[in-house]
Amino acid sequence: MSEEKTFYITTPIYYPSGKLQLGNTYTTVLADALARFHRALGEKTFFLTGTDEHGLKIQQKAKEAHKSEIQYLDEMADDIKNLWKIMDISYDQFIRTTDSDHEKRVQAIFSKLLENGDIYKGQYEGWYSVSDEEYFTESQLAEVFKDENGKIIGGIAPSGHKVELVKEESYFFKMSKYADWLLDYYRSHPEFLQPESRMNEMIKNFIEPGLEDLAVTRTSFDWGVKVPGDEKHVIYVWIDALSNYITALGYDPTKPQNEQDEKFKTFWPANVQLVGKEIVRFHTIYRQIMFHSLGIELPKEVLGHGWLVMKDGKMSKSKGNVIYPETLTQRYGLDAVRYYLLRSMPFGNDGVFSPEDFVNRVNFDLANDLGNLVNRTVSMINKYFDGVVPAINGSNLEDQDLKQVAINSYEKYLKAFSESKTADGLENVWELVRRTNKYIDETKPWELFKNNDLEKLSDAMANLVASLRMIAAMLQAGFTNTPKEIYRQLGLKELESIKDLKFDDVISGQKVTPDPKPIFPRLDVEKEIEFISALVTKDKKGKGRAAMEEAKKEVIDKTLENTNDATDSNLDFNDFMKIKLIAAKIKSGINLENSDKLIKWELDDGTKKGRVILSALRKWYPNPEELVGKTIGIVANLKPRKMAGVVSEGMVLAGENKNGDVILSFLPDEIEAGSSLS
C-alpha cells in the first residue's frame with residue numbers, strides 16, 4: 001500500500017495592530033483554496049495561520065487602548081478569527097506567538113542556536129522602525145534627515161514610516177557565516193522561491209552585496225519571549241515569529257529527527273508557504289539560515305505573492321484607500337468575493353482592485369456564464385424530462401468536442417492549482433463553462449424538443465449535467481457554497497473528490513430541483529460601482545506626502561526641542577531668501593533597483609555638470625522615463641545627502657491634489673534650466 005500523500009500550507013502570521021483589509025485577506029483565501037484543492041484530491045492536509053503578538057508596537061497599541069497586552073491581543077485575535085469565519089477559512093490550527101507552548105519551544109530553539117555557536121552577544125546601533133518592526137542601515141533608508149552640522153537625526157524607511165536610533169546590547173545571529181551556503185542552495189533549488197523574480201531580487205539586493213549579522217534580541221522593551229538565563233533580553237521576531245511554522249507541528253530542538261512529534265514527522269517540510277512580497281527576505285534568508293543551523297529540512301516552496309492594490313497604489317489605511325472584505329461579502333456573497341480574489345491576482349504579481357472590475361466579474365463570469373448555465377440546464381430538464389436527468393448515449397456530433405474540452409480543462413486545472421496558480425486554474429474551469437454554454441447554442445434543445453428528437457435531446461441534457469458536475473467539482477477548491485448548490489440543483493449528492501474526474505461518470509435518473517433559482521443574481525452596474533466606491537475609507541490623514549512630511553516634522557521638531565531652537569514658528573523673510581529655487585530639465589528618470597520608493601532624476605540645472613536628485617515618487621510616476629524633457633522646480637541649495645547608496649543634491653518641488661496624489665511642479669518649457677524661481 002502506498003504511503004498517504006500529505007500537504008502542509010501556511011500563511012504568514014498577521015501582526016494584530018489593526019483591522020485586516022481585503023489585501024491581507026487575499027493571502028489567507030489563497031491558502032484556503034490550495035488547502036481545499038489538496039483535500040479534494042484526497043491528500044492529508046494541514047493548513048496553518050495565526051498571529052504574531054510580541055514586540056514594541058503591540059505594547060504601544062495596548063497602552064493607547066488602556067488595556068493590558070494580552071487583553072488587547074485577545075480581542076484582536078478574536079477579530080481575525082471572526083473574519084476567517086466570515087470568509088469560511090478552513091484552517092487546521094490558529095497559532096498565536098503568545099501561546100505558552102510556542103514560547104517554550106522558541107526558548108529551546110534560541111538555546112540550540114546559541115549552543116551551535118551561531119549566536120553571540122554584542123552591541124547594536126542602528127535605525128529602527130517600530131511600525132515595520134525592522135532595522136535599517138543608513139543606505140537602506142528612503143530618506144535621511146540631517147541637522148545643520150550634517151549629523152543624521154532621523155529618516156524614513158522604504159515603507160514611509162519614520163525610524164529612530166537604537167543603541168543597545170543585543171545577541172546577534174551569524175548570518176554572514178551562511179551567505180555562500182544560501183547562495184548555493186538557491187542556485188541548486190530554483191523551484192524553492194517563486195516567482196523567479198523574487199529569487200533574483202534576494203540574490204542581487206541582499207546576498208551578493210554581503211549578509212550582515214542580524215540582531216535577534218532587544219532590551220528596550222519586555223513584551224516578548226525572554227532569553228533563557230538572560231531575561232533582560234527579549235527574543236526578537238526573526239526567531240520568535242519565524243519559528244511558528246515548526247513550533248505549530250511540535251518541533252523540539254532537543255530531540256533527534258526520529259523522536260520528533262508525529263505531526264512534525266508527518267507534515268514537515270512544508271509544501272507551500274505563502275508570504276507577501278514585502279516579507280520575502282525574512283522568510284527566505286533569515287529563516288532559511290536559522291532552520292539550516294537547526295539541522296532541519298527547508299520548506300519545499302515559498303511563494304512571494306504580489307499585492308492587491310488600488311489604482312492609487314497599495315491598500316493602506318494611512319492613504320485612505322482601504323476596502324474591507326466583510327461588507328463586500330455581506331452584499332455580494334462569499335463566493336463572489338473569493339472568486340474575485342483568486343481570479344484577479346496574477347501569479348506572483350500585483351492585482352488591481354477596482355469597483356468596475358469587481359462588478360463586471362460578478363456579472364459576466366458568475367451571473368452570465370456560470371449562473372445562467374446552471375439555471376438554463378435545470379429549467380430545460382424540468383421542462384423536457386419532468387426533472388429527471390437522462391443518460392448519455394453519444395448521439396450528438398458536438399458531444400465529443402465538449403467532452404474533450406472538459407478533459408483538457410480538467411488536466412490544465414489540476415496542473416495550475418498544484419502550482420498555486422489559482423487565476424490560471426479558474427480560467428481553465430471557465431474554458432469549460434464557456435464551451436458548455438456554446439454547446440447549448442449548437443445543439444438547440446428547444447428545436448430538438450419541437451422536432452420530437454428525444455434521443456438527441458436526452459443526450460444534450462445528460463452532457464450538460466456531466467459538464468456542470470465537473471465544473472462544480474473543480475470549483476470546490478476556491479468556492480465554498482456554489483459547488484454544493486450546483487450539486488443540489490442537479491439532484492446530485494455530496495461533492496466528489498476531484499481526483500480522477502471522468503466526464504462520463506454522470507449518474508442518470510436523479511431529479512433536479514423543481515424550483516431553480518439564480519446562483520448569482522445580475523448586479524445593477526452603476527448602483528453597485530457607486531456602492532463599492534463609497535466603501536473606500538475616506539480618511540485623508542497621511543495621504544500623499546503627508547505621512548512622510550509628518551514623520552519628518554516629528555524628527556525635526558524633536559531635534560529643535562532638544563537644542564532649544566524651536567522659538568519661533570514664523571520664517572523670517574531673510575531666511576526665506578536663503579532658499580534657492582531654480583528650474584531644471586529632466587534628462588533621465590530611473591527607478592532605483594534597491595528601493596521600491598525612489599526615483600533617481602538626472603537633471604540639467606544650467607550647469608555643465610548637472611545634478612542628481614532622489615525623490616520617493618515612484619508610486620505616482622512608475623515610468624519616470626516618460627518625463628524626460630519636462631521642466632520642473634527644485635530646491636538647489638540643500639546639503640547633499642545619501643539615500644539608498646546614492647547622493648541626492650536637492651529636492652524636487654511637488655504638490656498634492658484633493659485625492660492625495662503627488663504632482664510634480666511642471667513649469668513651462670520656455671523657462672530655461674537654471675533660471676531662478678521667485
Side-chain angles (χ1 to χ4, degrees), residues 5-16 20-41 43-52 77 80-96 192-195 198 241-242 244-246 248-249 263 267-280 282-284 287 299-308 325 329 334-335 337-351 416-426 475-480 498:
K5 193 171 183 181
T6 63
F7 182 76
Y8 178 30
I9 187 167
T10 71
T11 70
I13 52 175
Y14 300 99
Y15 206 65
L20 298 186
Q21 34 90 338
L22 195 62
N24 308 128
T25 303
Y26 164 70
T27 311
T28 310
V29 170
L30 173 60
D32 183 67
L34 297 176
R36 289 174 183 270
F37 171 76
H38 286 273
R39 289 194 196 105
L41 283 174
E43 298 173 11
K44 188 174 183 178
T45 299
F46 192 77
F47 170 18
L48 177 72
T49 190
T51 44
D52 172 11
I80 293 174
K81 287 180 180 179
N82 287 336
L83 175 58
W84 297 157
K85 186 175 181 180
I86 291 170
M87 301 305 296
D88 204 358
I89 303 300
S90 60
Y91 60 81
D92 294 286
Q93 183 175 341
F94 187 100
I95 191 170
R96 298 175 58 181
F192 163 67
L193 178 53
Q194 296 295 322
R198 302 275 185 260
L242 293 177
N244 89 90
Y245 310 105
I246 53 176
L249 298 179
K263 190 190 294 185
F267 290 107
W268 191 260
N271 297 81
V272 177
Q273 301 209 272
L274 300 178
V275 297
K277 63 181 181 180
E278 74 279 9
I279 55 174
V280 166
F282 315 129
H283 285 80
T284 61
R287 188 188 60 176
K300 295 177 183 178
E301 179 186 327
V302 175
L303 170 55
H305 64 74
W307 294 332
L308 180 64
T329 300
L334 174 59
D335 281 348
V337 177
R338 288 176 62 104
Y339 173 74
Y340 182 85
L341 291 172
L342 296 170
R343 184 74 187 273
S344 301
M345 286 289 290
F347 181 75
N349 296 318
D350 291 348
F417 263 82
S418 66
E419 295 174 352
S420 306
K421 297 176 180 178
T422 61
D424 292 344
L426 288 171
L475 287 182
Q476 65 185 294
F479 292 60
T480 64
I498 57 175

Visitor: Heavy atoms, side chains only, cut-off 4.5 Å: are Arg287 and Pro299 in contact?
Guide: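 The answer is yes, as the side chains (C-beta and beyond) meet within the 4.5 Å cut-off.
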
Visitor: Look up atom CZ in Phe47 and atom OG1 in Thr10, then write down how far apart they are to the nearest 0.5 Å.
Guide: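 If I round to the nearest 0.5 Å, the distance is 9.0 Å.
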
Visitor: So, do Val275 and Thr27 sit near enough that their side-chain heavy atoms are less than 4.5 Å apart?
Guide: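 SC-SC contact between Val275 and Thr27 ruled out.
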
Visitor: Can you tell me how the ring of Phe479 sits relative to the ring of Tyr339, calling it parallel under 30°, perpendicular over 60° and tilted otherwise?
Guide: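 Judged by the thresholds at 30° and 60°, the geometry between Phe479 and Tyr339 is tilted.
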
Visitor: Give a yes or no answer on whether the side chain of Glu419 reaches the backbone of Lys421 with a donor-acceptor pair at less than 3.5 Å.
Guide: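 Looks like no, no N/O pair under 3.5 Å.
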
Visitor: Salt bridge or not for Asp92 and Lys263, using N-O below 4.0 Å?
Guide: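 Not counted as a salt bridge, because no side-chain N and carboxylate O are separated by less than 4.0 Å.
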
Visitor: Is there a side-chain contact between Arg198 and Lys277, using heavy atoms and a 4.5 Å cut-off?
Guide: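 Yes, at least one pair of side-chain atoms sits under 4.5 Å.
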
Visitor: As an exercise, state the distance from NZ of Lys81 to OG1 of Thr49, rounded to the nearest 0.5 Å.
Guide: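 The distance works out to 11.0 Å.
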
Visitor: Rounded to the nearest 0.5 Å, how far apart are CG of Leu249 and CG of Leu48?
Guide: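 Reported to 0.5 Å precision, the distance equals 7.0 Å.
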
Visitor: Do Thr6 and Phe46 come close enough that some side-chain heavy atom pair is under 4.5 Å?
Guide: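 Contact flag for Thr6/Phe46 side chains = no.
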
Visitor: Restricting to non-hydrogen atoms, name the atom on Pro195 and the atom on Gly304 that form the minimum distance, rounded to 0.1 Å.
Guide: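 So the two residues come closest at CD-O, 3.6 Å.
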
Visitor: Is the shortest heavy-atom distance from the side chain of Pro325 to the side chain of Leu83 under 4.5 Å?
Guide: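 Heavy-atom side-chain distance check passes, below 4.5 Å.
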
Visitor: Looking at Ala477 and Phe37, what are the two nearest heavy atoms and their distance?
Guide: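 Closest pair (atom of Ala477, atom of Phe37, distance): CB-CB, 3.8 Å.
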
Visitor: OG/Ser420 to CD/Gln194 distance, rounded to the nearest 0.5 angstrom?
Guide: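 Between atom OG of Ser420 and atom CD of Gln194 there are 9.0 Å.
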
Visitor: Verify side-chain contact (heavy atoms from CB on, under 4.5 Å) between Leu341 and Leu308, making sure each step is shown before the conclusion.
Guide: CA-CA 8 Å; Leu341 291 172; Leu308 180 64; 3.6 Å; yes

Visitor: Between Leu274 and Ile9, is the side-chain contact (heavy atoms from CB on, under 4.5 Å) condition met? List the steps.
Guide: CA-CA 8 Å; Leu274 300 178; Ile9 187 167; 4.2 Å; yes

Visitor: Please give me the minimum heavy-atom distance between Thr51 and Arg96, naming the atom from each residue.
Guide: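 Between these two residues, the closest heavy atoms are OG1-CG, 3.4 Å.
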
Visitor: If the plane angle is over 60° it's perpendicular, under 30° parallel, otherwise tilted; pick one for His305 and Tyr26.
Guide: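 Because their plane-to-plane angle is over 60°, the rings of His305 and Tyr26 count as perpendicular.
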
Visitor: Which of these passes side chain to side chain contact (heavy atoms under 4.5 Å, CB included) with Leu342: Thr422, Leu34, Asp32?
Guide: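 It is Thr422; the other options fail the test.
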
Visitor: Using a 3.5 Å distance criterion without hydrogens, assess whether the side chain of Asn271 forms a donor-acceptor pair with backbone atoms of Tyr8.
Guide: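 Yes, Asn271 side chain to Tyr8 backbone: donor-acceptor pair under 3.5 Å.
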
Visitor: Heavy-atom distance under 4.5 Å between the side chains of Phe267 and Lys44, does that happen here?
Guide: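 Yes; the side chains approach each other to less than 4.5 Å.
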
Visitor: Quick check for you: to the nearest 0.5 Å, what is the distance between Tyr14 atom OH and Thr28 atom OG1?
Guide: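 Reported to 0.5 Å precision, the distance equals 2.5 Å.
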
Visitor: Side-chain contact test, heavy atoms from C-beta onward, threshold under 4.5 Å: evaluate it for Lys300 versus Val272 and give yes or no.
Guide: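 Heavy-atom side-chain distance check fails, nothing below 4.5 Å.
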
Visitor: Are Ile80 and Phe94 close enough, and set up right, to give a side-chain contact (heavy atoms from CB on, under 4.5 Å), and what steps lead you there?
Guide: CA-CA 10 Å; Ile80 293 174; Phe94 187 100; 4.0 Å; yes

Visitor: Kindly compute the distance separating OG1 (Thr284) from CD1 (Ile279), expressed to the nearest 0.5 Å.
Guide: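 It is 10.0 Å, given to the nearest 0.5 Å.
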
Visitor: Check the pair Thr11 / Tyr91 against side-chain contact (heavy atoms from CB on, under 4.5 Å), numbers first and verdict last.
Guide: CA-CA 10 Å; Thr11 70; Tyr91 60 81; over 6 Å; no

Visitor: Are the charged groups of Asp88 and Arg338 less than 4.0 angstrom apart, N to O?
Guide: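 No, Asp88 and Arg338 are not salt-bridged.
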
Visitor: Grab the two heavy atoms, one from Gly351 and one from Pro346, that are nearest each other, plus how far apart they are.
Guide: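 Reported closest heavy-atom pair: CA-CD, 4.0 Å.
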
Visitor: Under 4.5 Å between any side-chain heavy atoms of Trp84 and Leu20, yes or no?
Guide: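 When only atoms from C-beta onward are counted, Leu20 and Trp84 do touch, with a gap below 4.5 Å.
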
Visitor: Name all residues meeting the salt bridge (charged side-chain N to carboxylate O under 4.0 Å, His left out) criterion together with Lys5; count only those two or more places apart in sequence or in a different chain, and write none if there are none.
Guide: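 With neighbours one apart ignored, the set is Glu43.
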
